[in-house]
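Below is one structure, written out as structure tokens, with a few remarks after it.
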Amino acid sequence: LKHYLPEHRTVVPEHLVGYARASRAVARDVVVAIDQSGSMASSVIHSAVTAAIFHGVGSIRTHLVAFDTEVVDLSDQLADPVEVLLGVQLGGGTDIGRAVRYCASLVTEPRRAIVVVISDFFEGGDVAVLRAAVRELAESGATVLALAALEEDGTVTVHEEEARELARLGAHVGAMTP
């Protein structure tokens, strides 16, 4: 109360804490790759919400990639990730390795990058390509986050052996709701 100014009916703080101007610099680049193969149809809601959360954080620059056997970069359509993902359903086979290689091409500063792959990890392409891509990303300093597919009721769907192998190669593997 010693800083109370009765003529202004206010307290004048001596030291401001927590009022520094917020930095608009991008702290991290996040590449979210979402498996859109036929086996992932029931997990599209969880995937879309996860992408929207990353997109909503101001200090993160988000790239959004959908894939099956083809890779589609949706980064320029990120105004509403949920709408974009619900509107794009590829539904073919799965080539996760190809998608991870594409995501790696978007990484400019590995130590400030997170590559999130949401999939059931049932690889339809060459599993050696997937494993090499994950290993190379992890060794470059990028954080690789492999998130297992979640059904609408929260049930986890994942190729457990492949998830363990990706973890051994340096990916952080998890199954969690957004």
task: State, to 0.1 Å, how close Ala175 and Ala148 come at their nearest heavy-atom pair, and which atoms those are.
output: CB-CB, 3.9 Å

message: Taking the side chain as everything from C-beta on, heavy atoms only, tell me whether Val116 gets closer than 4.5 Å to Val31.
response: no

Taking every non-hydrogen atom, the tightest pair across Arg28 and Ala113: NH1-N, 4.3 Å

- prompt: With a 4.5 Å heavy-atom cut-off, do Val65 and Leu74 have their side chains touching?
  reply: no

- line: In this structure, CD1 of Ile34 is separated from CG of Leu147 (nearest 0.5 Å) by 9.5 Å

query: Got a salt bridge between Arg168 and Glu165, using NZ or NE/NH1/NH2 to carboxylate O under 4.0 Å?
result: yes

message: Is there a continuous path of hydrophobic side-chain contacts, each under 4.5 Å between heavy atoms, that joins Val71 to Val134?
response: yes

- prompt: Which heavy atom in Ala138 sits nearest to a heavy atom in Val144, and how many Å separate them?
  reply: N-CG2, 4.0 Å

Euclidean distance, Arg61 CZ relative to Leu106 CG, rounded to 0.5 Å: 11.0 Å

- prompt: Of the non-hydrogen atoms in Ala132 and Arg101, which two are nearest, and what is the gap between them?
  reply: CB-NH2, 3.7 Å

- request: Report yes if the side chains of Val107 and Val115 come closer than 4.5 Å at any heavy-atom pair, otherwise no.
  value: yes

field: Donor-acceptor pair between Asp68 and Ser37 side chains, under 3.5 angstrom
entry: no

query: Among Leu166, Val129, Val117, which residue meets the side-chain contact (heavy atoms from CB on, under 4.5 Å) test with Ile96?
result: Val117

field: Nearest-0.5 Å distance, SG of residue Cys103 to CG of residue Asp29
entry: 12.5 Å

query: Can you find a heavy atom in the side chain of Val156 that is under 4.5 Å from one in the side chain of Glu151?
result: no

field: Side-chain heavy atoms of Leu137 within contact of Val100, under 4.5 Å
entry: yes

- request: Please tell me if the side chains of Val127 and Glu162 come closer than 4.5 Å, counting only heavy atoms from C-beta onward.
  value: yes

message: What's the separation between atom CG in Leu150 and atom OG1 in Thr155, rounded to the nearest 0.5 Å?
response: 8.5 Å

- prompt: Counting N and O atoms only, with roles assigned by atom type, does the side chain of Arg98 sit under 3.5 Å from a partner on the main chain of Thr69, one being a donor and the other an acceptor?
  reply: yes

field: Minimum side-chain heavy-atom gap Asp120-Met40 below 4.5 Å
entry: yes

Distance in Å, Ser140 OG paired with Glu109 CD, rounded so as to fall on 0.5 Å steps: 11.5 Å

Among Phe121, Phe67, Phe122, side-chain contact (heavy atoms from CB on, under 4.5 Å) partner for Thr94: Phe67

